[in-house]
Each structure stands twice: as structure tokens, then as C-alpha cells.
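A note on names: the letters A, B, ... follow the listed sequences, proteins ahead of strands, and every chain is numbered from 1. Because the structure is a prediction, the values reported are computed rather than measured.
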2 protein chains.
Amino acid sequence: MQGGGSEMAVHGPAMTDVARLAGVSHQTVSRVLNGHPNVREQTRLRVRAAIAELGYRPNGAARALVTGRSQVIGVVAQNTTLYGPASLLAALEQTAAEEGFAVSVGSVRDLDHRSISAAVERHLAHRVAGIVVIAPVESAGEALERLPKDVPLVTVDGDPHRPVPLVTVDQAAGARAATQHLLDAGHRTVWHVSGPSDWFDSVGRIEGWREALLAAGVEPPPLMPGDWSAASGYRCGQMLARMPEVTAIFTANDHLALGVLRALHEFGRRVPAEISVVGFDDVPEAAYFIPPLTTVRPDFDAVARASLQMLLAQIESGVGGAMRQTVAPTLVARDSVAPPRH
Amino acid sequence: MQGGGSEMAVHGPAMTDVARLAGVSHQTVSRVLNGHPNVREQTRLRVRAAIAELGYRPNGAARALVTGRSQVIGVVAQNTTLYGPASLLAALEQTAAEEGFAVSVGSVRDLDHRSISAAVERHLAHRVAGIVVIAPVESAGEALERLPKDVPLVTVDGDPHRPVPLVTVDQAAGARAATQHLLDAGHRTVWHVSGPSDWFDSVGRIEGWREALLAAGVEPPPLMPGDWSAASGYRCGQMLARMPEVTAIFTANDHLALGVLRALHEFGRRVPAEISVVGFDDVPEAAYFIPPLTTVRPDFDAVARASLQMLLAQIESGVGGAMRQTVAPTLVARDSVAPPRH
DNA sequence: GTATAGGCTGTTAGCGATCACACCGAATCG
DNA sequence: CGATTCGGTGTGATCGCTAACAGCCTATAC
């Protein structure tokens, strides 16, 4: 910190300062920074030394200005407090950091056109290199279609029927596994407490549940619609607990299962002795529910890796296309499932 | 979308394009954009019309380059999957968006010097306007001290003893309230399952618990150290369940409480009939634990608002200083507390 | 020995905004 | 009526970087 420059104190040293100290031109410094091959080893070392000595840090804004893209990817998500989105966001950030990208979040209150568009606009204003939209509902898809075509974009858990690059957890497969697991335990049929009907996640899980039942030759019982929250799980559970024929329940996520579990408990219906329950998500606490919850674990890390990789491919090649990738979830068996008493 | 420009398709229109269309100079456009007063109303309208027609969007990178600051604030946090940090992050993003700022996350695996510094460096490289560090552990504080002094910085839940702008939940007050609530219900003493000892949150909650007990003239029982997870709560619960004298437990967060609850359940110790439990955080599911959990709710929105406000104040004034602000949590009474049987 | 290639480095011209300043005309003032 | 203010606007320089090109110098080929 010795050697007082006159007026560069605030903004820190620039590339020319490094160049002067190393006795080269600023362009050479640039080449070193960007890993350009044609630089003599000795020069490279001198430049690196100068960089270290000055504590120089390249100015991302300047780079973004000239290249037209910053080393930032924008993420648009709704409720980053929910376990799924939060995990996804964290994994995404981790992966992005490894690739030298920063992540800018644009969370939105509602997943309608306007909110999504506004969030995307904000990212566009900052000239992000690409955008990841965690767009689990119908209305989000519409907003996406009227987006500029030249910005790399990947949607996660979005609409499978739209021609947009998409990474998604195989909800149906997870739901099939859960349902089949209950069927295998000997249950005649399986009831389902679903998520909100406008989420693709919900729809996929409902489909998987229905498929598994139909494949086993049983007519699916009526659907209990919930909204992801423990509160709605509790409400559904209060109804399920009253029906003697119910012996197996698959809930669209673990929080719903928690609510169901409590309702069953209040009605004195024991789990798993009388009723078996399977959730979805494998939140860290699921193993400590009463009883420990059998559930389906989506691999958020894999989803994050896949989407980032897909995004980077677009950034580098410049082309979009409608690629898609699916990540299979796995069933985690715990104590909330048992054969029915007959 | 009619009227094909020749080679500006990719990067979109620039300020000069707007200026040309409006028949003014680029500087006037700039003035309109920044709400400068000295522009004739009629001119302002013409410029706005041109902006709308071209779908012009100011280039944040260019602005950041010349002003030296972008409209982005960086957030450094550790485990954004935990409920507290996730909520905080979401609230922060929401508040920042209202002020026209984007939020860039830099999550770190570990909260040691190196990780924190690296995350901060990344933000600095992008010339963020300010940084919020969610720094709940000791080692984070050290990293903060060797940071450039000229970048606006606010820490959340950080070290109360460091001269850094700080916003924090009044952990001790929350813990006192929880402990007092149990004492008021008639319990002789209160046991505590704490978080990791290097988190300030833990320390504060331990202090509050101890203070409340001492104020009531009772010698605090041995501390049960946990690590925030339901798993560790379960382990502690297995010990607590074995001790007949235990009638009241305060856990440092709701997940610990969940683990404790399950251990007690397995040992056949009924809550709240035999043992009362109070948690901390008020996660959305807490109301659906078995039984519904009495807990302490920190106001994350308030924390987010306070920290952002503090940060903006620094950004505008340019000075730092060691201001601090504390947000009081509130007790949420549910069914997990009852008088002891004697 | 001259030509050609190619590794290494410097020079110049922008990217798209803001800032400082110059300028013009109308209103105000002595 | 000339001088001064001031609202409204344009001009040029500049931020820190990368891309394109030009130039040097050494090695290899003919």
C-alpha cells in the first residue's frame, strides 16, 4: 500500500497500470488475463507479478461493454424460500462459480407474464450472458415465447411442450416409483395429495401416479388438491383420516406429507401401521418426521449442472434450439411405508 | 419489429439511435433517463416515445464503466438452503428490486477467510455498488476486516464486537422470551439444544437462555450442543428423553426441535404433557409438527429492509462507520408448551 | 542470401454510457 | 440598452477493456 498514486485510489489500478509496471503494453496484459497462447512465459510471469503487486482486478463492466456480454448469468425464480427452488438456486450458483460466472437472482412474486418479463428485462439491462428461468407454471411459458431470441435461455421445470431448452426432473418417473413402492407393499390403491394444478411439477407427479395405478389395473381414486404447504396437507389429511378405506397416500412433496402425518396422528390413525405415506423432495428433515418419511429425492445438483452446461453451450455456440434433458429422481425408503393390515 | 437496421440487430439500439430518432443529442437522452430536471417537457416526451419505439434498454455495463459502480449489490452467504439464509436472501432481493438494484449471490461452501474473500473478490470484479455479507461465524469477521475500506458493506448476523455496519436479529431477546415462556408455564428449569458454537446466532441464543435462567435464580443445566440439523436434534433428544427431570427444552432452531420431538416420541415421552419444547425460526411447517411447535419468529423482511437501507445510505453518502441495527423477534405460542405435571 | 512463416508484442479504434464544459436564446437587471 | 443570469441543449473527452491489424524478430526453407 505504499507509493501513493495521485487519483486512482478509489477505483483501483487499471490494466495500463499493470502494463506500465510490467514494462509491456496493456494488450499483453489482456492476453495474459485471457489465457491467450502467444505470450512468452517470462513475460507472462512478469505480468502476473505486476498484477499481484498492484492487487489488480479486471473490470468486468469494461469487459462486458466491449464484448457485449458479462460473466453473469441471470436466474429468474419465484419462491426461493421453498426447498426445491432454494436448493436449485444454491446448486446453480455453485456450478456457475466454478465456471467463472456470477449469478444474479431476479425473484418474482408471481409467475405471470408481467412479473417474469420484468425480471428478464432487468437481467437483459445488465447484459447477462444467459438466463435460467425456473418456470414451473403455465403462464411463465407464455412470457418466455415473446422473449428476444438471441439471448441464451434455459428453463428448469418448465413446460415440456414448448420449443425451449429445458431441463427437468422426471416428475412422472418419481411419482411412478413412489406409487409402485406402495403398491408393492401390498396396498390395493394409492391416494394422492397433489400440488397446485398450474405447476408442471404437480401435473407430472399426478400423471406418474395415475400411470402406475392404471398399469396395475386399478382405477385411480379421487385427487386431493393441495398447494405444497403443510397447511393444505393438513386439510387434506383431515379428510383422508376419516375414510376407513384409505391405506396408502402419496403426497406431491414432503411438506404436504408433514401436514397429512399430523392430521392422521390427530385422528389416531397410525403411520405406517394403518396408513402408509410417501412424500417427494427429501427435505433434510424428512428423516426426522414421525415416522421417518419415505420419499423421492430429485437430484438438484444434477439439474443445476445440466442447465448450466446447456446454457454455456448456447453462449459459446450462439445457437439455441430445443434441446432438453431429464434427470431421474430416486426413491428413499424409510419407515412410513408398511404392508396394509387386512 | 419492422425496419431492419443493418448491423445493430444483436446488441440492440444504443443511446445514439434513440437520440437520432428523437432528433436530439445522446446527452439529452441520458438526461431524460436519469431524471435530470433541465429538459423541456416536450423534448422529454419525444425522447420517451423514441425509447419506446426502439425498445431501447440502457446498457448497464457502459454506465457501470463510466460511473465506477453498477446497479448491483452483491450478497455473500453460506448455506442458502437453510431456511434463515434463504428467507433473508429472498427478502433482500425483493427489497433491492424495489430500489432498482439487482442482487448477485456469491454463496460459499465454508465460512473461512479464503472462501469469503474469494466471494467478495468476485463481486468486486463486477464493481458491485455494495456488499451484504451474511456472516454468522467468527472466521468470517476476520476476512471482513482486511477488505477494501471504500466499498459499502453491511454484515447480517455478524460479530457484534467488530466495527462494521451490522444488522442483526436480537437473538438473546428471542431466547430470553422462549425461556421465560417456559418458566412462566411453571417449569423449574429449561434445557437448551444449541446451534454450532462458532455461529453468533448460537452464541446469542445461548446467552439469552442463560440470562433468563439466571434472572429467575436458577442455575442453567448443561448445554446440549447441536448443529442446526434435525439429525443432531434427534441425537440430543435421545439423551434428554432418558432424563426424568427434564420437563422443558428450548432448541436453537425448529429443525433441532423436530429431531428432539421425534426422539421424545420414540421414548414415549409425550409433548407437551410430559415435556414442553420451544423452537426458533418459525419455519412454515412448524405449525404442523406433532405437536404444533411454539417458536420464536425473526422478522427477515425487517432485517432485509434495514440492511439494504443501511447499504444504500453508504452508497449515497460514501461513508461507512459502524452503525448497527437490531430487529426484535416475536414469540409464536402453539401447542408444544404446557405446565409441568408434578 | 533472400523468402516465408510464425511467435510475440505494440498501436489504434471502438463498445455505450456519463461528465465537464461550451453554447444559444430568453428573461432579468442595473 | 448592454450585462448577467439561467434554462435547455450539444460537443468532446473519458471510463477500462478487447478486437483487428500492423510490426518486429527469429527460425526454417529454398
Side-chain angles (χ1 to χ4, degrees), chain A residues 5-47 50-51 54-72 100 124-127 129, chain B residues 5 7-47 50-51 54-72 100 124-129:
Chain A
S6 51
E7 42 205 322
M8 46 146 273
V10 174
H11 286 331
M15 199 174 260
T16 48
D17 298 315
V18 176
R20 187 167 31 229
L21 180 59
V24 297
S25 77
H26 62 119
Q27 177 62 353
T28 298
V29 177
S30 171
R31 279 190 268 254
V32 170
L33 250 44
N34 295 307
H36 226 83
N38 292 353
V39 178
R40 207 175 7 152
E41 190 56 27
Q42 182 190 339
T43 314
R44 192 186 305 276
L45 258 48
R46 269 217 316 283
V47 171
I51 288 176
L54 290 178
Y56 166 76
R57 197 191 329 284
N59 185 325
R63 169 184 276 158
L65 177 58
V66 66
T67 60
R69 324 238 82 142
S70 62
Q71 292 286 94
V72 176
L124 256 31
H126 285 281
R127 297 300 190 271
Chain B
E7 43 204 323
M8 47 146 270
V10 174
H11 286 332
M15 200 174 257
T16 48
D17 298 315
V18 175
R20 187 168 29 234
L21 180 60
V24 296
S25 76
H26 63 117
Q27 176 62 0
T28 298
V29 177
S30 170
R31 279 190 267 255
V32 170
L33 250 44
N34 296 307
H36 225 82
N38 291 355
V39 179
R40 210 176 2 152
E41 191 56 26
Q42 183 190 340
T43 314
R44 189 185 307 275
L45 259 49
R46 268 216 317 282
V47 171
I51 288 175
L54 291 178
Y56 165 77
R57 196 192 327 285
N59 185 325
R63 171 188 264 142
L65 176 58
V66 65
T67 60
R69 321 240 84 142
S70 62
Q71 293 286 93
V72 175
L124 255 30
H126 286 281
R127 296 300 189 272
V128 294

Rounded distance in Å - [atom1] ([X]) to [atom2] ([N]):
| X | N | atom1 | atom2 | result |
| --- | --- | --- | --- | --- |
| M15(A) | dT14(D) | CE | C1' | 17 Å |
| Q71(B) | dT18(C) | CD | C1' | 13 Å |
| R20(A) | dC17(D) | CZ | P | 13 Å |
| H36(B) | dA20(C) | NE2 | P | 10 Å |
| H126(B) | dG16(D) | NE2 | P | 17 Å |
| N34(B) | dC19(C) | CG | P | 7 Å |
| R63(B) | dG16(D) | CZ | P | 18 Å |
| Q27(A) | dG14(C) | CD | P | 16 Å |

Determine whether [X] and [Y] make a side-chain contact, defined as any pair of heavy atoms from C-beta on separated by less than 4.5 Å.
| X | Y | answer |
| --- | --- | --- |
| L21(B) | Y56(B) | no |
| I51(A) | L33(A) | yes |
| V72(A) | H126(B) | yes |

Among [options], the nucleotide that comes nearest once only the side chain of [X] is considered:
| X | options | value |
| --- | --- | --- |
| N38(B) | dT18(D), dG10(C), dT9(D) | dT9(D) |
| V66(A) | dT18(D), dG16(C), dT18(C) | dT18(D) |
| R40(A) | dC8(C), dT11(C), dG10(D) | dC8(C) |

message: Between the base of dG16(D) and the side chain of R57(A), is one N or O donor paired with an acceptor at under 3.5 angstrom?
response: no
message: Counting distance alone, no hydrogens or angles: does the base of dG10(C) have a donor or acceptor under 3.5 Å from a partner atom on the side chain of R31(A)?
response: yes
- request: Assign each of H26(A) and E41(A) to its nearest nucleotide of DNA chain C by heavy atoms, then name whichever residue's nucleotide is nearer the 5' end.
  value: E41(A)
Residue whose nearest DNA chain D nucleotide is more 5′ - S25(B) or L65(B): S25(B)
Does [X] make a side-chain N or O approach to OP1 or OP2 of [N] shorter than 4.0 Å?
| X | N | value |
| --- | --- | --- |
| S30(B) | dC19(C) | no |
| T67(B) | dT18(C) | no |
| N59(A) | dC15(D) | no |
| T28(B) | dG8(D) | no |

message: Treating S70(B) as the side-chain partner and R127(B) as the backbone partner, does any N or O pair qualify as donor plus acceptor under 3.5 Å?
response: yes
query: Judged by atom type as modelled, is there a donor-acceptor pair below 3.5 Å linking the side chain of R31(A) to the main-chain atoms of H36(A)?
result: no
